[in-house]
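For reference, the structure is listed below as structure tokens.
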Amino acid sequence: AKAHRYLVSYMRTGLVEQDTATGRYDLGSAALELGLSSLGRLDHVRLSGPVLEQLCEQMQETVALAVWGNCGPTIVRIVDAGGPVTITLRAGTVMPLAKSATGRAFAAFSRIPYMKKLLDEELKEIADSTKVAVTNVRRQLEKTLAEIRERGISRATGSLTPGINGFSAPVYDHTGTMIAALTSLGTVGEFNVEWDSPAAQAMQEAAATLSQRLGYVPETNT
């Protein structure tokens, strides 16, 4: 009897609704609005703090969070491992799309319309500097991005900064949209960038943890 009174009360406020055909109860429109409002207030930069700290401790490497800014993938938070080799990375640094692990993650998993213009400009600069046809540069990048999508994580092996390797994993919100990237950096010879390395696994797990906290539910084949 008490449960019924509660249900009636919840129905009046819109938190619960009843299916007239089956008589079963389900969450109502007010509950949906409340949930969406809560998701909308989540701050992925704030929530990334504990994830980055734990990831840095686990990997013993410098890690960072990047989001899409006006000029491209932008570093907004860094946890420095404090090792003997300093990784020169600062908040506000804009990462290139084609050469960095962070940029490649956005190029592979994000669907930001403006990104195509930036990527076209970057590929032309690469083609001019290397004296390679832009179509060949683009073809090589597309091959790289296809592999990244297959693996679910991006990497760069000294292509941006000589002697520095990196991994970057996408972070998704409750709509399944990529909103950030977790990035880790380390020195060549010390930082293993094999696809099945412990570093790659740690990155993917950390990105999945942050995505889950933002309400993301990965698709499953049923």
(request) Would you check if the side chain of N136 reaches a backbone N or O of R139 as a donor-acceptor pair within less than 3.5 Å? (result) no
(request) Taking the side chain as every heavy atom from C-beta outward, state whether C56 and E53 have any atom pair closer than 4.5 Å. (result) no
(request) Scan residues 110-120 for pairs that pass side-chain hydrogen bond (donor to acceptor under 3.5 Å, both in side chains), counting only residues two or more places apart or in two chains. (result) K116-D120, K117-E121, D120-R138
(request) Determine whether V171 and L214 make a side-chain contact, defined as any pair of heavy atoms from C-beta on separated by less than 4.5 Å. (result) yes
(request) In sequence, state the C-alpha distance, the side-chain angles, and the governing distance for F106 and S154, and then conclude on side-chain contact (heavy atoms from CB on, under 4.5 Å). (result) CA-CA 9 Å; F106 277 93; S154 72; over 6 Å; no
(message) So, using side-chain hydrogen bond (donor to acceptor under 3.5 Å, both in side chains) as the criterion, who are the partners of E147 when residues are at least two apart?
(response) W195
(request) Can you sort out the partners of E194 under side-chain contact (heavy atoms from CB on, under 4.5 Å), two or more places apart, ordered by chain and number? (result) N192, D196, S197
(request) Could you tell me whether the side chain of I75 reaches within less than 4.5 Å of the side chain of L65, counting heavy atoms only? (result) no
Under 3.5 Å, which donor-acceptor pairs do the side chains of residues 199-206 form with other protein atoms, sequence neighbours left out?
residue	atom	partner	partner atom	Å
Q201	NE2	E205	OE2	3.1
Q204	NE2	R151	O	3.0

(message) Within this structure, what is the CD1-OG distance for the pair I164 and S100, rounded to the nearest 0.5 Å?
(response) 13.5 Å
(message) For the CG atom of L52 and the CD1 atom of I78, what is their distance to the nearest 0.5 Å?
(response) 10.0 Å
(request) Go through the structure and list residues passing side-chain contact (heavy atoms from CB on, under 4.5 Å) with Y172, not counting sequence neighbours. (result) F109, P170, M178, S211, Y216
(request) Answer yes or no: is there a side-chain heavy-atom contact under 4.5 Å between T74 and T93? (result) no
(request) Give the C-alpha distance, both sets of side-chain angles, the deciding distance and a yes or no for side-chain contact (heavy atoms from CB on, under 4.5 Å) between Q54 and T209. (result) CA-CA 11 Å; Q54 182 177 352; T209 295; over 6 Å; no
(message) So, taking the atom named CD in E61 and the one named OG in S184, what distance separates them when rounded to the nearest 0.5 Å?
(response) 7.5 Å
(request) Check whether any side-chain heavy atom of L97 lies under 4.5 Å from a side-chain heavy atom of L118, and answer yes or no. (result) yes
(message) With heavy-atom distances below 4.5 Å as the criterion, would you say the side chains of R213 and V51 are in contact?
(response) yes
(message) For S168 versus T183, what's the shortest heavy-atom pair and its separation?
(response) OG-OG1, 3.0 Å
(request) Would you give the length of the straight line joining atom NZ of K124 to atom CG of D128, rounded to the nearest 0.5 angstrom? (result) 4.0 Å
(request) Starting at CZ of R104, measure out to CZ of R149 and round the result to the nearest 0.5 Å. (result) 13.0 Å
(request) State the CD-OG1 distance between Q140 and T135, to the nearest 0.5 angstrom. (result) 12.0 Å
(message) Quick check: do F167 and V193 have side-chain heavy atoms less than 4.5 Å from each other?
(response) yes
Using atom types as modelled, flag every donor-acceptor pair under 3.5 Å from a side chain in residues 11-18 to any protein atom, sequence neighbours excluded.
residue	atom	partner	partner atom	Å
T13	OG1	Y10	O	2.9
Q18	NE2	G23	O	3.0
Q18	NE2	Y25	OH	3.4

(request) Could you check if a side-chain atom of N165 sits within less than 4.5 angstrom of a side-chain atom of L185, using non-hydrogen atoms only? (result) no
(message) Testing the basics here: between W68 and P73, what is the closest heavy-atom pair and its distance to 0.1 Å?
(response) CZ3-CD, 3.5 Å
